[in-house]
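As the structure lists them, so they are numbered: ligands from 1, and atoms in each ligand from 1. Any value given below was found using the heavy atoms of this structure, including those in side chains, with hydrogens, waters and symmetry copies removed.
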Amino acid sequence: MSWWKKLKGKISFNERLNKHTTFKIGGPCGYFIEPEDIDDLKLALSLLKKYHVPFLVIGAGSNVLVSDRGLIGAVLHLTAPSFTKLTFKGNIAETGAGCPLQKLISEAAKRALSGYELLSGIPGTVGGALVMNAGSGKNQRNFGDLVEKVTIMDYNSNIKVLTGKQLKFSYRKSNLSGCIILSARIKFNKGNKKEAAGKIREYLSYRKNSQDSAHPSAGCIFKNPVGFSAGKLIDSCGLKGSSIGRASISLKHANFIINRGKASSGDVMKLIALAKRKVKNKFNIDLKPEIQIWR
Ligand SMILES: Cc1cc2nc3c(=O)[nH]c(=O)nc-3n(C[C@H](O)[C@H](O)[C@H](O)COP(=O)(O)OP(=O)(O)OC[C@H]3O[C@@H](n4cnc5c(N)ncnc54)[C@H](O)[C@@H]3O)c2cc1C
């Protein structure tokens, strides 16, 4: 059944997802669909529903571990220009879900708009950063903090606008999973161009020094348990540098698992299990994954 022929956007078959994840891990998916615009996305959803094809949405793939066996069904990727638009009016940005978070922050800084510099260097899209409520820093600055409005499409292709109390954000969590994020309105603080650019440089250099950027990864594997740093707990178990296959616990940041080339999803899963087991045995703390595991 060639149902996909009705779509205007790009579609590829058996697309390997390692090309679309920062871990560089992941087997093929049945259909990799890049809808051209909102109408095309609506059509894609109705066809997927009609033909009972399960699907997932991927942003920059920077918080997912995809099985080497791949995924049954479709993966939707919002990269067409109508999903990556970014415009500013005063201190308000209107951004498509596919816009890179980094672009949003640096374009805001050029306009002397401030508030999110701490998130510089997070390699996700606006959509992924909303779902995950991406954040950073000791006092936690989270992406949800200054979001005014989010436009979503539910799985029945209805478009809804969520504002105020309809939006719920907590530590690496939001109420935006289970829908497709289309766009968002972000409110920045009025700031100073030079200061904003300086803060971005400072945070990027902090990341470079504290995180393992030399190897593919998905950032922090585990959430920090209340009152603890997952990285410090793993480090205290002496696990830095532990390797299984081509995957290793980073020597620089114990909450990062790195792909030293051709690591399998199984290698990473085994290291995740090892870190969980050691931390449980030593501290009686259950580490919970921050990354999304697709298998
Ligand atoms: C080197 C490195 C450093 C990192 N540092 C940080 C950090 O400091 N703080 C932090 O919070 N995170 C960090 N991360 C993790 C990651 O970058 C963030 O979670 C990011 O927000 C994920 O965005 P993404 O577009 O890559 O989402 P993906 O990984 O593609 O997806 C994540 C989730 O969002 C969903 N999703 C994505 N787009 C949409 C959409 N349009 N509609 C509906 N659902 C969608 C996916 O289905 C999935 O469930 C880091 C990752 C790396 C590799």
**Study point:** Thr22 neighbourhood, listing ligand 1 atoms whose heavy-atom distance to it stays under 4.0 Å
**Key:** 53 (C)
Check your understanding: Based purely on interatomic distance, does Ile181 place a nitrogen or oxygen under 3.5 Å from a nitrogen or oxygen of ligand 1?
Key -> yes
Practice item. Tell me whether the centres of the aromatic rings in Phe32 and Phe13 are closer together than 6.0 Å. Key: no
Check your understanding: Is it true that Phe256 and His215 have ring centroids separated by less than 6.0 Å?
Key -> no
Review point. Considering only the protein, which heavy-atom contact is closest to atom 44 (N) of ligand 1, and what is its distance?
Key: Val131 CG2, 3.4 Å
Review point. With a 4.0 Å cut-off on heavy atoms, is Ser217 touching ligand 1?
Key: yes
Revision key, fill the gap. Here the atoms of ligand 1 under 4.0 Å from any heavy atom belonging to Ala218 are 51 (C), 52 (C), 53 (C)
Exercise for review: Under 4.0 Å from a heavy atom of Gln211: give me the atoms of ligand 1 that qualify, with their elements.
Suggested key: 3 (C)
**Study point:** Closest protein heavy atom to atom 27 (O) of ligand 1, given as residue, atom name and distance to 0.1 Å
**Key:** Gly128 CA, 3.5 Å
Check your understanding: Quick one: does Gly98 get a heavy atom under 4.0 Å from ligand 1?
Key -> no
Exercise for review: Record the part of Cys220 in heavy-atom contact with ligand 1 below 4.0 Å; permitted values are side chain, backbone, both and neither.
Suggested key: neither
Review point. Between Arg172 and Glu290, is there a salt bridge with N-O shorter than 4.0 Å?
Key: yes
Practice item. Run the salt-bridge test on Asp40 and Lys8 with the 4.0 Å N-O cut-off and return the result as yes or no. Key: no
Point to revise | Within-shell test, Arg207 vs ligand 1, heavy atom, strictly < 4.0 Å | key: yes
Check your understanding: Does a side-chain N-to-carboxylate-O contact under 4.0 Å join Asp286 and Lys280?
Key -> yes
Review point. So is Ala60 polar-close to ligand 1, meaning N/O to N/O under 3.5 Å?
Key: yes
Practice item. Answer with side chain, backbone, both or neither: which part of Trp294 has a heavy atom less than 4.0 angstrom from an atom of ligand 1? Key: side chain
Point to revise | N/O donor-acceptor pair under 3.5 Å between Lys223 side chain and Ile291 backbone | key: no
Study note, to complete from the structure: Near Pro123 (heavy-atom distance under 4.0 Å), the atoms of ligand 1 are 2 (C), 3 (C), 4 (C), 17 (O), 50 (C), 51 (C), 52 (C), 53 (C)
**Study point:** Test of proximity, Gly219 against ligand 1: N or O pairs below 3.5 Å
**Key:** no
Review point. Between Glu202 and Lys199, does at least one N-O distance fall below 4.0 Å, as a salt bridge requires?
Key: no
Check your understanding: Do Tyr51 and Trp4 pass the ring-ring contact (aromatic ring centres under 6.0 Å, His included) test, and can you show the C-alpha distance, the side-chain angles, and the key distance before you say yes or no?
Key -> CA-CA 10 Å; Tyr51 293 102; Trp4 59 84; 9.2 Å; no
Review point. Nearest protein heavy-atom contact for atom 15 (C) of ligand 1: which residue, which atom, what distance?
Key: Asn63 OD1, 3.4 Å
**Study point:** Candidates Leu65, Ile234, Ile221, Asp212 - the one meeting side chain to side chain contact (heavy atoms under 4.5 Å, CB included) with Ile257
**Key:** Ile221
Review point. Any nitrogen or oxygen of Gly135, main chain or side chain, under 3.5 Å from a nitrogen or oxygen of ligand 1?
Key: yes
Check your understanding: Is there at least one pair of N or O atoms, one from Ser62 and one from ligand 1, spaced under 3.5 Å apart?
Key -> yes
**Study point:** Under 3.5 Å: N/O of Leu176 near N/O of ligand 1
**Key:** no
Review point. Can you find a non-hydrogen atom of Leu56 under 4.0 Å from ligand 1?
Key: no
Exercise for review: Please work out whether any backbone atom (N, CA, C, O) or any side-chain heavy atom from C-beta onward of Ala97 is under 4.0 Å from ligand 1, and answer side chain, backbone, both or neither.
Suggested key: side chain
Review point. Is a side-chain donor-acceptor pair under 3.5 Å present for Thr87 with Glu94?
Key: no
Practice item. May I ask you to check if ligand 1 and Gly121 share an N or O to N or O distance below 3.5 Å? Key: no
Review point. Do any heavy atoms of Phe55 fall under 4.0 Å from ligand 1?
Key: no
Practice item. Go through ligand 1 atom by atom and flag the ones less than 4.0 Å from a non-hydrogen atom of Ala129. Key: 21 (O), 23 (O)
Exercise for review: Using the test side-chain contact (heavy atoms from CB on, under 4.5 Å), find all partners of Asn91 that sit at least two apart in sequence or belong to another chain.
Suggested key: Leu113, Lys187, Lys190
Study note, to complete from the structure: The atoms of ligand 1 lying under 4.0 Å from a heavy atom of Ala134, numbered in the order shown, are 11 (O), 21 (O)
Point to revise | Residues in side-chain contact (heavy atoms from CB on, under 4.5 Å) contact with Ser248, at least two apart in sequence or another chain | key: Ser243, Ile258, Arg260
